[in-house]
Number of protein chains: 2
Amino acid sequence: MPTPHYGQPRYRTIADELRHRIENGIIQPGALLPAESTLTAEFQASRGTIRQAIAALREEQLVTTEHGRGTYAHTPQHKSRIDKEIETETLQRQIPADPELASLFEVELGTALFEEQILTRRNGAVETVTRLYRVR
Amino acid sequence: MPTPHYGQPRYRTIADELRHRIENGIIQPGALLPAESTLTAEFQASRGTIRQAIAALREEQLVTTEHGRGTYAHTPQHKSRIDKEIETETLQRQIPADPELASLFEVELGTALFEEQILTRRNGAVETVTRLYRVR
DNA sequence: AGAAATTTGTCCGTATGTATC
DNA sequence: AGATACATACGGACAAATTTC
């Protein structure tokens, strides 16, 4: 079995197709892409090639991949609109580092971290909760 | 022959070693790295693993590769400029609502929430972790 | 100029490890 | 605990770009 790749490489063609689906909402923002095994079947390509295509999308910041979970499509929302209807509430406190934060900050599990929590409300209902962590 | 990778993956170890050589001038800035075949012999790893290590360095902007030519080490000027920049990493995932979030959003405990996590790094170290939650 | 050698690029198949559901 | 999904690693084959002779 030869492996010709005249012109455009296969993994790039696949990446282009997946990008198209994400940008056109065929794959919803935040949704999981089909599993590698599924894509393997659909594109009739080896898993390595599929992974190469996904790696290309990852470099474009178009998707993120989580071990054992899957690959998520990004939301193309770069809207920095400031809505005046939105009320915010801010709260500051200290919390112990959970395993993930401890790992990210490279501190011991349970180390006190500085946390700022910002609520945004629309019509009274909480719309988003933002938590910002820093080492103290 | 099994292919265990307890702890640190092999390609990362190799990438670390090559990074060390570049940063310490063992490989001169602008110089060619050893060929993949040479590295394969030195590290006793498959070509794929060597290529993965080099790909990691490429993502760090520490080297560039040219087809048929080789991989060049970057100049320290370039590197230090990159290091002064603040890098961000974004991750999107779904997580179950903890008690506080459930209360704020007025949903059942454990309801799947949409989470976007943004890391900011300065010189490689995580400076802040921001987590933004929404109901989906 | 041309052929051969060198070096990176693409693709496949397989096996096993690790994280998540 | 089992199933599913991504991660790592090996090996082989052929393509394409560059350098060398």
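In this text the structure is predicted, and so the values were computed from the model without any measurement. Computation of the quantities below employed the complete heavy-atom set of this structure, encompassing side-chain atoms and omitting hydrogens, waters and symmetry-equivalent molecules. Just so we're on the same page: letters track the sequence lines, and every chain starts at 1.
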Student: Under 4.0 Å: is that the gap between some side-chain N or O of A:Arg51 and OP1 or OP2 of C:dC11?
Tutor: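 For C:dC11, OP1/OP2 do not have a side-chain N/O of A:Arg51 under 4.0 Å.
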Student: Considering only side-chain heavy atoms of A:Ala35, which listed nucleotide, D:dA5, D:dA9, C:dG9, is closest?
Tutor: D:dA5
Student: I need the CD1-C1' distance between B:Ile14 and D:dA7, as an integer number of Å.
Tutor: 15 Å
Student: Would a distance-only check, ignoring hydrogens and angles, find a side-chain to backbone donor-acceptor pair under 3.5 Å from B:Glu106 to B:Ser103?
Tutor: no
Student: Round to a whole Å and report the spacing from CD of B:Gln94 to C1' of C:dA19.
Tutor: 17 Å
Student: Using a 4.5 Å cut-off on heavy atoms from C-beta on, say whether the side chain of A:His74 contacts that of A:Ile22.
Tutor: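 The answer is no; the side chains never approach within 4.5 Å.
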Student: If we ignore hydrogens and angles and just use 3.5 Å, is the side chain of B:Thr40 paired with the main-chain N or O of B:Glu36 as donor and acceptor?
Tutor: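 Such a contact is found between B:Thr40 side chain and B:Glu36 backbone.
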Student: For A:Gln8 and D:dA16, what is the distance between atoms CD and C1' respectively, to the nearest whole Å?
Tutor: 16 Å
Student: Counting side-chain heavy atoms from C-beta on, which of D:dC6, D:dC10, C:dC11 comes nearest to B:Arg10?
Tutor: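 Selected nucleotide: D:dC10.
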Student: Taking only the side-chain heavy atoms of A:Gln52 (C-beta and beyond), determine which of D:dT8, C:dC11, D:dC10 contains the nearest atom.
Tutor: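 Minimum distance to the A:Gln52 side chain belongs to C:dC11.
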Student: Both B:Leu33 and A:Gly48 contact DNA chain C. Taking the nearest nucleotide for each, which residue is further toward the 5' end?
Tutor: B:Leu33
Student: Can you say whether a donor on the side chain of B:Arg47 sits under 3.5 Å from an acceptor on the base of C:dG9, or the other way round?
Tutor: yes
Student: Pick base, sugar-phosphate or nothing for B:Arg93, based on heavy-atom distances below 4.0 Å to the nucleic acid.
Tutor: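 Nothing: the residue B:Arg93, judged by heavy atoms under 4.0 Å, touches no strand.
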Student: Let me know the distance between CD of B:Glu66 and P of D:dT19, rounded to the nearest Å.
Tutor: 8 Å
Student: Quick one: B:Leu39 CG to D:dA9 P, roughly how many Å, whole number?
Tutor: 15 Å
Student: Please identify each residue that fulfils side chain to side chain donor-acceptor pair (under 3.5 Å) with B:Arg19, with sequence neighbours left out.
Tutor: B:Asp16, B:Glu60
Student: Do the side chains of B:Leu33 and B:Arg21 get nearer than 4.5 Å, heavy atoms only?
Tutor: no
Student: B:Gly70 near the nucleic acid: base, sugar-phosphate alone, or nothing, with a heavy-atom cut-off under 4.0 Å?
Tutor: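 If one applies the 4.0 Å heavy-atom cut-off, B:Gly70 turns out to touch the sugar-phosphate alone, with no base involved.
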Student: Between A:Leu18 and A:Val63, is any pair of side-chain heavy atoms under 4.5 Å apart?
Tutor: no
Student: With the side chain of A:Thr49 defined as its heavy atoms from C-beta on, choose the nearest nucleotide among C:dC12, D:dC6, C:dT10.
Tutor: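 For A:Thr49, the side-chain atoms sit closest to C:dC12.
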Student: Could you give the CG-to-C1' distance, from B:Leu32 to D:dA17, as a whole number of Å?
Tutor: 14 Å
Student: Ignoring the backbone of A:Thr71, work out which of D:dC6, C:dC11, D:dT8 is nearest its side chain.
Tutor: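 Side chain of A:Thr71 sits closest to D:dC6.
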Student: Whole-Å distance between C:dG13 C1' and A:Ile50 CD1?
Tutor: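 Those two atoms, CD1 and C1', are 14 Å apart.
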Student: Of the listed nucleotides (C:dT7, C:dC12, D:dT18), which one gets closest to any side-chain atom of B:Arg69?
Tutor: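 Looking only at side-chain atoms, B:Arg69 lies closest to D:dT18.
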Student: Rounded to whole angstrom units, what separation is found between the CD atom of A:Glu100 and the C1' atom of C:dT20?
Tutor: 14 Å
Student: For A:Ser46 and for B:Ile54, locate the closest nucleotide of DNA chain C by heavy-atom distance; then report the residue assigned to the nucleotide nearer the 5' terminus.
Tutor: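 By nearest-heavy-atom nucleotide position, the 5'-most residue is B:Ile54.
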Student: Compare the minimum distances between each of D:dT18, C:dC11, D:dA7 and the side chain of A:His67, then state the nucleotide with the smallest one.
Tutor: D:dA7
